Structure formats: structure tokens, C-alpha cells
*Asks:* 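Here it is, the structure, as C-alpha cells.
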Number of protein chains: 2
Amino acid sequence: MPSKNIKKKPDINTELKIKSAARVVFQKKGYAATRTRDIAEEAQVNLALITYYFRSKEKLFQLIMVETLANFFQKLGLLFNDEASTLEEKVQLIAEKYTDLLLEDPEIPLFIMSEIRSHGAAVLKNIPVAGNIMQSVFMKQYKEAVQKGKIIQMEPIHFLINLLGLVVFPFVNSPTIKKVGDLTNRQFEQLMQERKKLIPVWINAMCHAR
Amino acid sequence: MPSKNIKKKPDINTELKIKSAARVVFQKKGYAATRTRDIAEEAQVNLALITYYFRSKEKLFQLIMVETLANFFQKLGLLFNDEASTLEEKVQLIAEKYTDLLLEDPEIPLFIMSEIRSHGAAVLKNIPVAGNIMQSVFMKQYKEAVQKGKIIQMEPIHFLINLLGLVVFPFVNSPTIKKVGDLTNRQFEQLMQERKKLIPVWINAMCHAR
DNA sequence: GTCTATAACGTGATAGAC
DNA sequence: GTCTATCACGTTATAGAC
């Protein structure tokens, strides 16, 4: 019988401490601007332990990158493939849950975009959901609605870009938006909360544009 | 009388060659991932000449950054403050000209966002238009139209986020979009051309959502 | 597993010949 | 102005004691 799962704090474990710290620092500064010393300090751990557990900065980065992408797209995939909801409900679901995800972890989209830019799009190769979004339940429902004449023709890829753009864009641009709109962090978050309800309305209107 | 303006090719000038190369490399890889050797190679110029003309990598970067921001926001500012056009016309103008700008120089938005992330939003301090967008002719016309009941109430900041997001988002995400939609570069550009005409229609629909 | 000390390397910057 | 050679430094990675 299993007997050693009495451990409570996960980050008492040095390896996990380093991994968490690496995630934070890499996501904030990007690969090139991150020094292993930053990670060691963030983890409050001796510098040499990074090599001991992960062999190299590059290896550690790959690990974080793959985990981040897989986790992120997996969550998106769940929303896009929910079987129980209608198209309209799924738009609401995506606007709400995706926004919640970004409110919790606002750095992720810009992190992913930046690293794709410098490391190349090859990082997306092995991520399952990234390539299958066009075949998701959500997109099938969308195409069906168009076919039935319930909403006007809009190329599925435009529809997807628009929905994701309305959700994600303010997060990747938050510094500029805060500056332009003279917003505190609190006010910015409030704005994102509002958008959770507004985006479905806007998307609906776009789908019925003349 | 001035007599020495017979020079033709601008990039025969070493200083300009370096500056152009630096702009290309910095915008593609970001400050931290760029080595001065990359710039020298791109400019096909000896490494030492970078220091000779620009003192340091940091100084050269600052120059490129300020020029890029000033030029970019100045062009945006012209669109937002055009006196001759109506609100509807300005939406069309922005969708079209801003898209053209990005088709020509697709790396700029992600470059700006990334460097703001690592260098801090302070880089926006001295850029005139960045802070004044909310007081532009365009935004004044928008608020007026809301007041007159011509379009439904939507917070000006939401309106701005939506318009800019619809234009810019596909460009900062082009690798993912090309992958997801299985698009060639040519097809992607075609898609952006379509959006120039569609975005005004969508924006209009959003402004009349129930 | 964790630490200190240091090796090995890459990169920004400079000196000095031409 | 341009080049070669090299320095100075910061960073990643490792050796070896504990």
C-alpha cells in the first residue's frame, strides 16, 4: 500500500522550486534576457543546482516551453471541444474562461509569441491542439450555422481571429492600453471583466452584419 | 552654393548601412538575443565600426527604438487626427492604412510589445502621440456619435481596443495563424487584404449591437 | 544533494596599425 | 574610416569538497 504521500508543500522540493522559478523568469523576460543567476535567485537556490537538475539553461527552457504550450493549448482545446454547449454558449464560455485564464497568467501569450519569433514556429510542432483548432467542435458548429443561414458568411479563419483577438489583444498590449487609457491595474482588470460579457454580444453582431 | 549632394545610393554610407541592419536584426530578434556581430554581418561591415559610429550596442538600440516608435506612432497619429473625414471614413482609413503599414513592416508591433515588456513601459514616455490618442479627432468624433445616439454606448477604450485589435492581432500572431489555418505567406497576405474591407463592416455592426 | 571555486566560452568594447 | 588582434567582463557549466 502507498505510504509516502504525506508530503504537503510541493516547493520544498528543490527541483520543483527551480522549475517554478524558471517559469516565472522566462515568462517575464524571455529566454535571451534571462540569466541562470536570475532563476537561482528567484528560486532561492544555489546556482550550481540548476545544472545538477536540468543539465543546461537551454534544456530547462525547452521543458518550460513545452509544458507551457501544452497546458495552455490543452485548456483552450477543452473549451473549443465542449460537447454539451451550443455555438452561442461556446462563444460565451470561451470569452469568459479564456479571459479568466489570462487574468491569472497575463504574460503567457506575449511569452509564446516572442519565443516563437526568436526560436521559430517549430515549437508548435508537437503541441496537439494547436493544429486541430479548425477541426474542433466549436468550428464545426460555426460552419454549420453559416450553412443553415443562421449567421452571415464570414470565413471561419476570420471568425476565429476576431474572437481570439478581442480576448487576447488587450493582454498583450496592456502597458500601452494602461498608458493610453490612464488606467490602474485594478481598472484594467475591471475592463477585462466587462469584456467577458461584451465580447459575445459584439461577436454576435459581427455575425449578423449586412 | 551647395555642391556635394550628388551622392546617389544612401546605403553606400557605412553609418546608414549599420543603422538599417540594426533595425532589421533588433526588430527580428529583440535586444537581448541580438549580438553586435549579427548586426555587423547583416550590414556586411567590420564589427569595430559599430562602436566607432554608435559607441555601444545599447546606444544604437535606443536610437533604433526611439526612431521606430516615433515613426510608427506619428503615422498612426496622422490617421487618428485627419480633419477632413467623418467617423465612418476614418474607421475605413485606419483599417486600410494601418494594415498597409503592417503588411510592409509586420514585425513592428511585436517588437514594440516585447521590448516594452523587458525594458519597461518607460520607452513610451517621450513619444508624443502615444498618450494623446484618447484626445484625437477620431475619438472625439466617436464620443460625439455616441452622445447623439447614432451608435450605441460602448466605452471609448473598448472601441479603441477592438478596432486596433482586429487590425493588429493577426500580425502579432501570424505564425500561429498560418499554422492553424494552413496558410502560405501569400494566402495570409490575401487574408489581411480582405480584412481591410471587412473590419469597418464589423466595427459598424458592433456599434449597433443591441 | 548542496556548496565553493573555477574553468570555458561568448560577447561588447578598444588599441593601434594601415 | 577601416581593419586585425585582443582585452575585459559576464555568464554558463563543471570539478571536487563536504
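Values in this document were obtained by computation on a predicted structure and should not be read as measured data. Protein chains get the first letters and strands the later ones, always in sequence-line order, with residue 1 at the start of each.
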*Asks:* What's the shortest heavy-atom distance between B:V167 and B:I199, and which atoms?
*Replies:* CG2-CD1, 3.8 Å
*Asks:* Just wondering, more than 12 heavy atoms not from B:K178 lying within 6.0 Å of its NZ?
*Replies:* yes
*Asks:* Is there any protein nitrogen or oxygen under 3.5 Å from a nitrogen or oxygen in nucleotides 6-11 of chain C, and what are the pairs?
*Replies:*
residue	atom	partner	partner atom	Å
C:dT11	OP2	B:R35	NH1	2.8

*Asks:* Classify the side-chain pair B:Q92/B:E88 by whether it contains a donor and acceptor separated by less than 3.5 Å.
*Replies:* no
*Asks:* Using the heavy-atom set of chain B and a strict 4.0 Å cut-off, write down the first and last nucleotide of DNA chain D that makes it in, 5' to 3'.
*Replies:* D:dG1 to D:dT4
*Asks:* Rounding to an integer number of Å, can you tell me how far A:N46 CG sits from C:dA5 P?
*Replies:* 11 Å
*Asks:* Give one of base, sugar-phosphate or nothing for B:F54, where a contact means two heavy atoms less than 4.0 Å apart.
*Replies:* nothing
*Asks:* Validate the cation-pi geometry between A:K57 and A:F26: distance from NZ or CZ to the six-membered ring centre under 6.0 Å, angle to the ring axis within 45°.
*Replies:* no
*Asks:* I'd like to know if the side chain of A:Q193 pairs up with that of A:K196 as donor and acceptor (distance under 3.5 Å, no hydrogens or angles considered).
*Replies:* yes
*Asks:* Please report, rounded to the nearest Å, how far the P atom of C:dG12 is from the CG atom of B:L47.
*Replies:* 8 Å
*Asks:* For B:I39 and C:dA13, give me the distance from atom CD1 to atom C1', rounded to whole Å.
*Replies:* 14 Å
*Asks:* Evaluate the criterion side chain to side chain contact (heavy atoms under 4.5 Å, CB included) for residue pair B:H119 and B:M65; output intermediate values, then yes/no.
*Replies:* CA-CA 11 Å; B:H119 279 71; B:M65 190 62 176; over 6 Å; no
*Asks:* May I ask you to check whether over 12 heavy atoms, not counting those of A:N126, lie within 6.0 Å of atom CG?
*Replies:* no
*Asks:* Distance-only check: which donor-acceptor pairs under 3.5 Å involve side-chain atoms of residues 136-143 of chain B, not counting sequence neighbours?
*Replies:*
residue	atom	partner	partner atom	Å
B:S136	OG	B:I133	O	2.7
B:S136	OG	B:M139	N	3.3
B:K140	NZ	B:Q135	O	3.0
B:Q141	OE1	B:K90	NZ	2.6
B:Q141	NE2	B:S85	O	3.0
B:Y142	OH	B:M154	O	2.7
B:K143	NZ	B:M134	O	3.3

*Asks:* Rounded to whole Å, please give me the gap between CD1 in B:I18 and P in C:dA13.
*Replies:* 13 Å
